[in-house]
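Positions are given from 1, in the same order as the sequence printed here. Given the structure is predicted, the values throughout are model-derived calculations rather than measurements.
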Amino acid sequence: MEKVQLFTAFAPVVTIVGIAAILGWVFNTWMRMRHGYPLDGSWGQAIYPQKNDEAMERIKLLSQENAQLRAELGAVKDRLANVERIVTDGAHMLDREIEQLRGQRN
């Protein structure tokens, strides 16, 4: 009788742990597939996702987009450097003009 009570007390905990382990495995597999990592077979061997024409075309388009974004980022960095130069140079020039005006007043 005592063993039955012990089993009924721990059965929900064991069930929850089992469900959590299965959901973790499913999530891990989904993330590996999503990011292109090899999957594990039943004996630990790597099972690579199939690379069909659609996947290769998608990779090609993403690579082109990546190159375009990198070029755009380079242009934005150049523009930002120019803006920083203008802002900092303008502040020094403005300070000099103010000091010249103060000197003329005195």
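- Distance CG/L73 to CG/L80: 10.5 Å, rounded to 0.5 Å.
- Within 6.0 Å of CD in Q64 there are more than 12 heavy atoms belonging to other residues, nucleotides or ligands.
- One finds the CE atom of M56 at 5.0 Å from the CD1 atom of I59 (value rounded to the nearest 0.5 Å).
- The CD atom of E65 lies 11.0 Å from the CZ atom of R58; values are rounded to the nearest 0.5 Å.
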With a 3.5 Å cut-off and sequence neighbours excluded, list the donor-acceptor pairs that the side chains of residues 9-28 form with protein atoms.
| residue | atom | partner | partner atom | Å |
| --- | --- | --- | --- | --- |
| T15 | OG1 | A11 | O | 2.8 |

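- Using a cut-off of 4.0 Å between Lys/Arg side-chain N and Asp/Glu carboxylate O, E99 and R102 are scored as salt-bridged.
- Between the CG atom of N82 and the CG atom of D78 there is a distance of 7.0 Å, given to the nearest 0.5 Å.
- Using a 4.5 Å cut-off on side-chain heavy atoms (C-beta onward), E2 and L6 make no contact.
- Here the CZ-CG distance, from R96 to L101, works out to 13.5 Å after rounding to the nearest 0.5 Å.
- At most 12 heavy atoms of other shown residues, nucleotides or ligands fall within 6.0 angstrom of atom CG in D53.
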